[in-house]
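Worksheet for the structure shown next.
What you see is a predicted model; the values in this text were computed from it and never measured. All values below come from the heavy atoms of this structure, side chains included, with hydrogens, waters and symmetry mates left out.
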Amino acid sequence: MTDRPTSTSVETNGVNPVPDGERRGKPAGLFAIWFSWNISILGISYGIYVYGLGLSAWQAIVAGVLGYVLSSVLVGILAVGGPRTGLPTLTQTRFAFGLHGNKFPTFFAYLSNIGWKVTIITLAATSGAKLFVRLWPGVFADDQGKESVLAIVLWFVAVLAVTLTVAVFGHQLIMRVEKWIAWLTSIMTIVFIAMIVPKIRWDALGDAPDGSVGTFIGGVILAMTIVGLGFLNYGGDFARYLPRDTPARGVIGWTTGGIVLPVAVLLILGVLLAAGDPEMGKAAANDPIGALTALLPLWFFIPFTIVIVISLVAAAITGIYSSGLALLALGVPLSRAATTLINMAVIAAGAFYLLFVSDSFLATFQAFLALISVVMGTMGGIQLLDFIRQRRLGWNVDMAKPAGEGGRSGRWTAVVSLVVATIVGLGLVTSSDPNIAKVVGFLLSDEAKQGVIGTTNVGVVVAMLIGAGLYALLTFVFNLDPPGICDREPVKAAVG
């Protein structure tokens with residue numbers, strides 16, 4: 001038995017299995033992590049995006065919630081690997097892809113993680129700066145009445161400092177902080193909803209006609225790609241400290257609930273706002289924080305803006321923590337705390353560029369991140385299917401080690417399935433960026449690019465299904481994957 005770390009000590013575990021002596025807690029503790037991550041005003045814009053496909057209000061609500069549930073259940077299933085092995089998700093995927101084969105999807109997972117954190121920290125800094133402008137325009141507003149460089153820099157530094165401190169200390173402090181953030185943000189969001197609901201034009205909700213079946217399916221898939229599928233590479237990172245025999249249904253249920261509850265409520269609000277007032281919908285889609293907080297009286301605008309920043313910081317903390325584990329999974333020979341510092345420097349540089357240098361990079365970068373989700377969804381599908389084999393082999397952690405020590409350098413059935421599915425997926429997605437558009441959508445006609453398939457990222461889900469299906473054929477039907485050491489003689493050991 002080892003001493004259990006406290007929230008005031010720096011976490012020492014990296015990509016090694018968490019020792020049983022350090023396991024603790026119940027799956028209900030996962031709820032606060034995922035809830036605080038997802039209860040953000042941005043969730044309202046997600047509902048506006050789904051409604052904007054051409055669905056009626058009730059169709060958009062059903063499609064959005066269904067998509068959230070389906071994708072979040074997948075995250076919950078992947079999270080079960082955490083307590084079973086004590087490994088973070090991007091290390092456990094070595095079971096399926098092999099030590100070196102796993103570096104391909106892990107690298108793209110790292111890029112995706114870093115990219116979204118750049119965006120989140122940028123939004124947190126600008127949201128705080130807007131608050132300063134409204135309170136003290138003479139000090140913090142520029143000549144056009146917008147946020148000055150001083151206001152942005154102050155919030156930029158503050159957000160980075162808080163995010164880095166909590167992420168470096170690691171799992172224990174994150175669990176405690178996220179629990180309080182979940183309570184705070186949920187209470188303030190309930191008040192916000194109560195103040196916004198009277199502004200909904202209920203008499204206009206039935207004006208939009210129902211969309212086609214294809215459009216409805218597109219709405220479901222768009223909701224899946226917006227929320228759940230982007231978390232597939234994080235699932236086990238916070239569940240791995242749970243006891244090894246934690247019931248799977250608890251891990252799946254609390255993870256799914258923590259993701260779905262906040263985003264579903266906010267999606268419904270976004271749909272109702274957009275359906276009742278199309279102009280409000282357009283404004284909120286372009287600037288959800290600015291458009292929606294402008295409806296608030298000053299006495300509530302001040303605390304709620306602070307809560308918005310806190311919720312964005314909560315997402316940044318967990319993301320930076322997981323991106324540190326991703327670097328370790330890639331083989332970077334540093335401690336978890338050191339990789340967290342590296343990630344913070346990279347994210348700070350990216351956010352600084354977005355805030356102070358670029359006026360067009362954000363749209364291009366977000367388009368690039370949408371392409372990365374093709375790889376992430378496919379990786380998740382293959383890993384989910386490989387759980388059948390991993391469970392049969394007793395969740396043997398030796399499979400995450402190098403060849404000759406229980407693992408593989410690469411499992412070609414998984415790698416080939418990932419590559420083939422990724423190519424197909426890229427051929428079915430589109431991009432608004434003219435440069436990225438040249439290398440995607442090559443399997444779509446011009447008409448399809450402008451239709452539901454091209455505008456809802458259907459290619460992400462198609463790639464996921466193709467990857468999992470091809471892997472199943474090669475591995476379980478044709479038995480083309482030769483067994484490794486662990487497949488023949490499972491032996492439990494620590495991962496180096």
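Separation of atoms OG (Ser112) and OH (Tyr234) is listed at 5.5 Å; rounding is to 0.5 Å. With values rounded to the nearest 0.5 angstrom, Leu90 atom CG is found 8.5 Å from Asn113 atom CG. Within the model, atoms CZ of Phe140 and NZ of Lys130 stand 15.5 Å from one another, a figure rounded to the nearest 0.5 Å. Taking OG from Ser311 and CD1 from Ile181, the interatomic distance works out to 8.5 Å, rounded to the nearest 0.5 Å. Considering CD1 of Ile308 and OG of Ser40, their distance stands at 7.5 Å, rounded to 0.5 Å. Between Lys117 atom NZ and Thr122 atom OG1 the span is 12.0 Å, to the nearest 0.5 Å.
Considering all non-hydrogen atoms of both residues, Met464 and Gly377 come closest at CG-O, 3.2 Å. Minimum interatomic distance between Val159 and Ala125 (heavy atoms only, all atoms of both residues): CG2-N, 4.4 Å. Closest approach of Ser36 to Ala314, counting heavy atoms only: O-CB, 3.9 Å. For Val15 against Leu87, the heavy-atom pair with the smallest separation is O-CD2, 3.2 Å. Pairing each heavy atom of Gly228 with each of Val75, the nearest pair is O-CG2, 3.2 Å. For the pair Leu222 and Tyr49, the tightest heavy-atom approach, listed with the atom from each and the gap, is CD2-O, 4.0 Å.
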Notebook entry, point to check: For Leu273 and Ile200, what are the C-alpha separation, side-chain angles and deciding distance, and is it a side-chain contact (heavy atoms from CB on, under 4.5 Å)?
Noted result: CA-CA 6 Å; Leu273 283 172; Ile200 296 173; 4.0 Å; yes
Next item on the list: List the steps, then state whether side-chain contact (heavy atoms from CB on, under 4.5 Å) holds for Ile196 with Leu296.
Entry: CA-CA 8 Å; Ile196 293 297; Leu296 302 174; 4.3 Å; yes
Checklist line | From CA spacing to verdict: side-chain contact (heavy atoms from CB on, under 4.5 Å), Leu42, Leu123 | finding: CA-CA 10 Å; Leu42 293 175; Leu123 287 173; 3.8 Å; yes
Note to self: Checking Phe301 against Arg134 for the side-chain contact (heavy atoms from CB on, under 4.5 Å) test, could you report, in this order, the C-alpha distance in whole Å, the side-chain angles of both residues, the deciding distance, and whether it holds?
What the structure shows: CA-CA 10 Å; Phe301 171 82; Arg134 188 160 176 178; 3.3 Å; yes
Next item on the list: Report the C-alpha distance between Tyr110 and Asn343 in whole Å, list the side-chain angles of each, state the deciding distance to 0.1 Å, and finish with yes or no for side chain to side chain donor-acceptor pair (under 3.5 Å).
Entry: CA-CA 10 Å; Tyr110 175 74; Asn343 289 328; 2.6 Å; yes
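For Thr163 (side chain) and Leu160 (main-chain N/O), no donor-acceptor pair under 3.5 Å exists by modelled atom type. Of the possible polar contacts, one joining the Asp237 side chain to the Thr89 backbone as a donor-acceptor pair under 3.5 Å is found. When atom types are taken as modelled, the side chain of Ser212 and the backbone of Thr215 share a donor-acceptor pair closer than 3.5 angstrom. Looking only at distances, a side-chain donor or acceptor of Arg84 sits under 3.5 Å from a matching main-chain atom of Arg244. The backbone N or O of Thr85 sits nowhere less than 3.5 Å from a side-chain atom of Arg240 that would complete a donor-acceptor pair. Under the 3.5 Å distance criterion, the side-chain polar atoms of Arg24 are left unmatched by any main-chain donor or acceptor of Leu242. Checked by atom type and distance alone, the side chain of Thr255 never pairs as donor or acceptor with a backbone atom of Ile252 at under 3.5 Å. Between the Gln59 side chain and the Ser56 main chain, a donor and an acceptor come within less than 3.5 Å of each other. For the pair Asn38 (side chain) and Pro262 (backbone), a donor-acceptor distance under 3.5 Å is absent. Looking at Ser72, its side chain never comes within 3.5 Å of a backbone N or O of Val69 through a donor-acceptor pair.
At most 12 heavy atoms of other shown residues, nucleotides or ligands fall within 6.0 angstrom of atom CZ in Phe107. By the neighbour-count criterion of 12 heavy atoms within 6.0 Å, atom CH2 of Trp155 is densely surrounded, having more than that number from other residues, nucleotides or ligands.
Counting heavy atoms from C-beta outward, Pro105 and Thr93 have side chains that stay 4.5 Å or more apart. For the pair Thr185/Met188, no side-chain contact is recorded, criterion being any heavy-atom separation below 4.5 Å from C-beta on. Within the 4.5 Å cutoff, no side-chain heavy atoms of Val133 are placed close to those of Lys146. Counting heavy atoms from C-beta outward, Ile259 and Tyr68 have side chains that stay 4.5 Å or more apart. Contact check for Val460 versus Thr378: no side-chain heavy atoms found under the 4.5 Å cut-off. Contact check for Ile39 versus Ser186: side-chain heavy atoms found under the 4.5 Å cut-off. Side-chain contact between Leu266 and Phe192 is absent, with no heavy-atom pair separated by less than 4.5 Å. Looking only at side-chain heavy atoms (C-beta outward), Leu269 and Val265 stay at 4.5 Å or farther from each other.
Aromatic ring orientation, Trp34 versus Phe231: tilted (interplanar angle from 30° to 60°).
If you check the side chains of Ser148 and Asp142, you find no donor sitting under 3.5 Å from an acceptor.
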